[in-house]
Amino acid sequence: MPAPQPPIQRLKKRAQFLYVRAGARTARGAVLVEARKRPEGGPAIGAGFTASKKIGNAVLRNRARRRLKEAARQLLPEHGLPGADYVLVARRSTPDAPWPALLDDLKSALIRLRADLEAGPRAARSPKRSSESD
RNA sequence: CCAGUCGGCCGGGCGGCCGCGGGCGCAAGCUGGAAACGGCGCGUUCGAGGAAAGUCCGGGCUCCAUGCGGAAACGGCGGCGGGUAACGCCCGCCGAGAGUAAUCUCAGGGAUAGCGCCACAGAGAAUAGUCUGCCCUCCUUCGCCAAGGCUUCGGAGGGUGAGGGUGAAACGGUGGGGUAAGAGCCCACCGCGCCGACCGUAAGGAAGGCGGCACGGCAAGCCCCGCCGGGAGCAAGACCGAAUAGGGAUGCUUGGGGCCUUGAGCUCCAGCCCGCCGCAGGGGCGCAUCCGGGUAGGUCGCGAGAACCGCUCAGCAAUGGGCGGUCCAGAGGAAUGGUCGCCCAUCCUGAAAAGGUGGACAAAACCCGGCUUACAGGCCGACUGGCAUU
């Protein structure tokens, strides 16, 4: 490994999740990814995981969250933007999707989001997002 | 062998590779630090369930309330005995009901404490009752006659509670006697009620005797009796505690005037500030150190116990005693995973070989004891009935 991988920090607090929720958002197949630059920056990449009750019972939610965690572990250091926080939201197909397809979806979403984030925080907030945000 | 009843147990296995959380250890390495000690890292070890679920009962623990005891109200429970920390749970037994049987089911205290209700149907539904009937007397009427009576239609009065019919239930049943017809009116048996030797700790069982029948059901309508119960919950609760704002104390500093309760108190004017200029209006004007309360956040609570395993003793059992051994998840929006291979079940195709498919229900969150509900498939034991065989 020539370049050191950026460290990954787990998001824990509700406030952190709410902060990221106001940022960019991209859905790809089995995953929905939210991302936003932290104001203080830094080399670390933040990662949080969410599986709502829409996914199913506790067993299914756990499985979805853990698959997202493993996928993020593999892809986030390479495709994530240092200094930004990501929240991976499980969708109904997350627990059962084929593993390579899940990785593809996440990778595609991360690349798209990275481009948005690097273009600037204003550009990340596309107008269609305002309708679906609460 | 087939059909069935009951109880107990398991609930995929093994192995690569890459990861995660807790505990313990660490020579060297990187890193923070004056150090102590941390972080990264390395090693090692442990890391979801029988229901972890529903949150329906019972407890532990914590805080609140509380002088002690009792009662009312409200809620829960309800055969008897035992087990237990406790229970609405468990075991054994009793009673009633179902089944050929093993076995299963039961809100299983009180209906002579009182009130209330008993739909529909039906004449009548609880101090009974005459719709259709049966019988007697009287009146009327038809017919026969041996002149004594017999008989048909209708009406009135009375007797009856037997037959028909209604109903979940009609105020004992069957048979005989009896009678105008009938009726526990009388008799036998059965049922029922009362007493009851004797057996059982008890619920209860019961030989036998007496009674001529009296006493319908619902307490899951109110109620009565007995027993139990203070409330809220780990977001309990304890400790530490930043920034900012506000409170208090001390010290220092201060444009001018007024007031008094003499203090950075109140108030007026000027000045300055609220991006700049003008006008109008509004707001603000100490600093430093320390103290205490609270918020974010953090630490504890937090797992060696009504624990698990084996042997043994007591007991029909639930369970309890003794001895030996084991340490067995703990966190917050972070862990208990991802992926691959082989095997074992499932299902599909197939004559087979084989190929494909793909793993029930469901995941701790303060901890125990129960209950209830969900569950692919499999294993073990005991017992009952039938068939066959010896």
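Order of the sequence lines fixes the chain letters, A, B, ..., with proteins taken first and strands second; residue numbering starts at 1 for each chain.
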Check the chi torsion on [N] and let me know: syn if it falls within 90° of 0, anti if not.
N      : answer
B:C24  : anti
B:A48  : syn
B:G70  : anti
B:A214 : syn
B:G184 : syn

Tell which nucleotide pairs with [N], taking only Watson-Crick or G-U wobble pairs whose two distances are both under 3.5 angstrom.
N      : answer
B:C24  : B:G43
B:C115 : B:G221
B:U346 : none
B:C290 : B:G248
B:C14  : B:G341
B:U84  : none
B:G99  : none
B:G75  : B:C228

Rounded distance in Å - [atom1] ([X]) to [atom2] ([N]):
X      : N      : atom1 : atom2 : answer
A:Q74  : B:C340 : CD    : P     : 12 Å
A:Y19  : B:A296 : OH    : P     : 23 Å
A:L76  : B:G19  : CG    : P     : 16 Å
A:K69  : B:C18  : NZ    : C1'   : 14 Å
A:L103 : B:G19  : CG    : P     : 16 Å
A:F49  : B:G337 : CZ    : C1'   : 12 Å
A:D85  : B:A334 : CG    : P     : 17 Å
A:R61  : B:A363 : CZ    : C1'   : 10 Å

Backbone N or O of A:P95 within a donor-acceptor pair of the A:R67 side chain at under 3.5 Å?
->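 Yes: the side chain of A:R67 pairs with the backbone of A:P95.
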Does A:Y19 offer a backbone N or O that forms a donor-acceptor pair with the side chain of A:R36 under 3.5 Å?
->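 It does hold such a pair.
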Are A:R73 and A:E70 close enough for a salt bridge, meaning some N to O gap below 4.0 Å?
->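 A salt bridge is present here (some side-chain N lies under 4.0 Å from a carboxylate O).
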Contact check, side chains of A:V87 and A:R21, non-hydrogen atoms, under 4.5 Å =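 Contact flag for A:V87/A:R21 side chains = no.
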Taking atom P in both B:C91 and B:C199, what distance in whole Å separates the two?
->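 To the nearest whole Å, 33 Å.
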For A:N62 and for A:R73, locate the closest nucleotide of RNA chain B by heavy-atom distance; then report the residue assigned to the nucleotide nearer the 5' terminus.
->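 On the 5' side of the pair lies A:R73.
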Does A:E70 or A:V59 map to a spot on RNA chain B nearer the 5' end, using the closest nucleotide for each?
->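 Result: A:E70.
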So what does A:R66 hit on the nucleic acid, given a heavy-atom distance under 4.0 Å: a base, only sugar-phosphate, or nothing?
->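 Base contact.
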Using a cut-off of 4.0 Å on non-hydrogen atoms, how would the nucleic acid contact of A:N57 be classed: base, sugar-phosphate, or nothing?
->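 Since only primed, P, OP1 and OP2 atoms lie under 4.0 Å of A:N57, the category is sugar-phosphate.
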Closest contact, heavy atoms only, A:R65 versus A:F49 =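 The pair with the smallest heavy-atom distance is CG-CB, 3.7 Å.
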Is any side-chain nitrogen or oxygen of A:R63 closer than 4.0 Å to OP1 or OP2 of B:G338?
->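 Yes.
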Polar contact flag, side-chain donor to acceptor under 3.5 angstrom, A:S108-A:R28 |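 A donor-acceptor contact under 3.5 Å links the two side chains.
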To the side chain of A:A58, which of B:A364, B:G337, B:A362 is closest?
->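 Closest nucleotide to the A:A58 side chain: B:A364.
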